[in-house]
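First up is the structure itself, then whatever we jot down about it.
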Amino acid sequence: MAYITRDDGVQFVIPSYRDVITMKSASGLKKEILTLSSSYGEYITLQQKSTVQYEVAFSPDTGYLLGESIWHHFSRPIDMVYCEAVPNTTEAILVIVVAGSVYLDGRFQIDSIPDELVVFLTQKNNFDVYVYGDVPISKEPEIGKFSFEAETVKSFTVLNEPVFQNLTL
């Protein structure tokens, strides 16, 4: 599934491909985007990161970008982890932002979420962490849950209510 549908019918897409493209000419950028879109989808988001770098996301489906929408909700921290339990399922929404770019977003089985986060145990980040519901992420080490090294966490917030169902479009 390349999208998640909210209870009100709004679709949030999970791009099939994300990358940062470095191009010095508009024609080179256009050619690269057309080439990638033939493989990853005709719906494209392009955001300029610098004078020669563009962040691109491709999807075969229309909708709002899940990761970017949640990232914007939290005022776009440089490094962020967001995890929200999906009611009445064994799944959670997970969004990871690294160095100001969405690294990963989607709906995952709760027991697979620690596997998605383990790579960050060896990296030096400064995460703003947001969790809601019974998710496998904790501030302090806890059996059966993932916890970041204290020096890699800028803030850890346990939310009182979910964000996804009320996310501003």
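For clarity, every value in this text was computed on a predicted model and none was experimentally measured.
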Give a yes or no on this: more than 12 heavy atoms of other residues, nucleotides or ligands lie within 6.0 Å of atom NZ of Lys31. no

> Can you tell me if CD on Glu161 sees more than 12 non-hydrogen neighbours from other groups inside 6.0 Å?
Replying inline: no

Salt bridge (charged side-chain N to carboxylate O under 4.0 Å, His left out) filter on Glu116, not counting sequence neighbours, yields none

Arg76 meets the salt bridge (charged side-chain N to carboxylate O under 4.0 Å, His left out) criterion, sequence neighbours left out, with none

Spatial distance of atom [atom1] ([X]) from atom [atom2] ([Y]) [nearest 0.5 Å]:
{"X": "Ser147", "Y": "Glu140", "atom1": "OG", "atom2": "CD", "value": "7.5 Å"}
{"X": "Thr168", "Y": "His73", "atom1": "OG1", "atom2": "NE2", "value": "7.5 Å"}
{"X": "Asp7", "Y": "Asn166", "atom1": "CG", "atom2": "CG", "value": "10.0 Å"}
{"X": "Arg107", "Y": "Leu66", "atom1": "CZ", "atom2": "CG", "value": "10.5 Å"}
{"X": "Ile4", "Y": "Glu91", "atom1": "CD1", "atom2": "CD", "value": "8.5 Å"}
{"X": "Glu32", "Y": "Asp19", "atom1": "CD", "atom2": "CG", "value": "8.0 Å"}

Could you tell me whether Asp134 and Lys145 have a side-chain N and a carboxylate O separated by less than 4.0 Å? yes

- Query: Do the side chains of Tyr130 and Ile110 join up, straight or via other hydrophobic residues, at under 4.5 Å, putting them in one cluster?
  - Reply: no

**Prompt:** If Ile, Leu, Val, Met, Phe, Trp and Tyr residues are connected whenever their side-chain heavy atoms lie under 4.5 Å apart, and connections chain through other members, are Leu167 and Val10 in the same group?
**Reply:** yes

Does Gln109 form a side-chain contact (heavy atoms from CB on, under 4.5 Å) with Ser112? I'd like the steps, not just the answer. CA-CA 5 Å; Gln109 287 294 318; Ser112 73; 4.0 Å; yes

Distance-only, no hydrogens or angles: does the [X] side chain make a donor-acceptor pair with backbone N or O of [Y] under 3.5 Å?
{"X": "Ser25", "Y": "Gly28", "value": "yes"}
{"X": "Asp79", "Y": "Ala99", "value": "yes"}
{"X": "Thr157", "Y": "Leu159", "value": "no"}
{"X": "Gln48", "Y": "Ser50", "value": "yes"}

(request) Carefully, step by step, assess Tyr3 and Phe12 under the rule ring-ring contact (aromatic ring centres under 6.0 Å, His included). (result) CA-CA 5 Å; Tyr3 58 88; Phe12 289 85; over 10 Å; no

Does a side chain donor of either Glu55 or Ser101 reach within less than 3.5 Å of an acceptor in the other side chain? yes

Side-chain donor-acceptor pair under 3.5 Å between Ser155 and Asp128, yes or no? yes

What are the two closest non-hydrogen atoms of [X] and [Y], and how far apart are they?
{"X": "Pro136", "Y": "Gly144", "value": "CB-O, 4.3 Å"}
{"X": "Tyr82", "Y": "Val163", "value": "OH-CB, 3.3 Å"}
{"X": "Pro77", "Y": "Trp71", "value": "O-NE1, 2.7 Å"}
{"X": "Val13", "Y": "Asp61", "value": "CG1-O, 3.5 Å"}
{"X": "Pro60", "Y": "Ser16", "value": "CD-OG, 4.0 Å"}
{"X": "Asn126", "Y": "Lys154", "value": "OD1-CB, 3.3 Å"}

query = Between Tyr64 and Gln11, does a side-chain contact (heavy atoms from CB on, under 4.5 Å) hold up when you go through it step by step?
reply = CA-CA 6 Å; Tyr64 298 93; Gln11 287 187 339; over 6 Å; no

Contacts of Thr62 meeting side chain to side chain contact (heavy atoms under 4.5 Å, CB included) (sequence neighbours excluded), chain-then-number -> Tyr43

Applying side chain to side chain contact (heavy atoms under 4.5 Å, CB included) to Thr122 and not counting sequence neighbours gives none

*asked:* With salt bridge (Lys or Arg N to Asp or Glu O under 4.0 Å) as the criterion, how do Arg18 and Glu68 come out once you've worked through the C-alpha distance, each side chain's angles and the decisive distance to 0.1 Å?
replied: CA-CA 12 Å; Arg18 294 177 186 273; Glu68 284 80 355; 2.4 Å; yes

Note: with side-chain heavy atoms under 4.5 Å as the link, the other cluster members for Tyr40 come out as Tyr17, Ile21, Met23, Leu29, Ile33, Leu36, Ile44, Leu46, Tyr54, Val56, Phe58

Connected to Tyr103, directly or through other members, by ILVMFWY side-chain contacts below 4.5 Å are Val81, Leu94, Ile96, Val98, Leu104, Phe108, Ile113, Leu117, Val118, Val119, Phe120, Leu121, Phe127, Val129, Val131, Val135, Ile137, Phe146, Phe148, Val153, Phe156, Val158

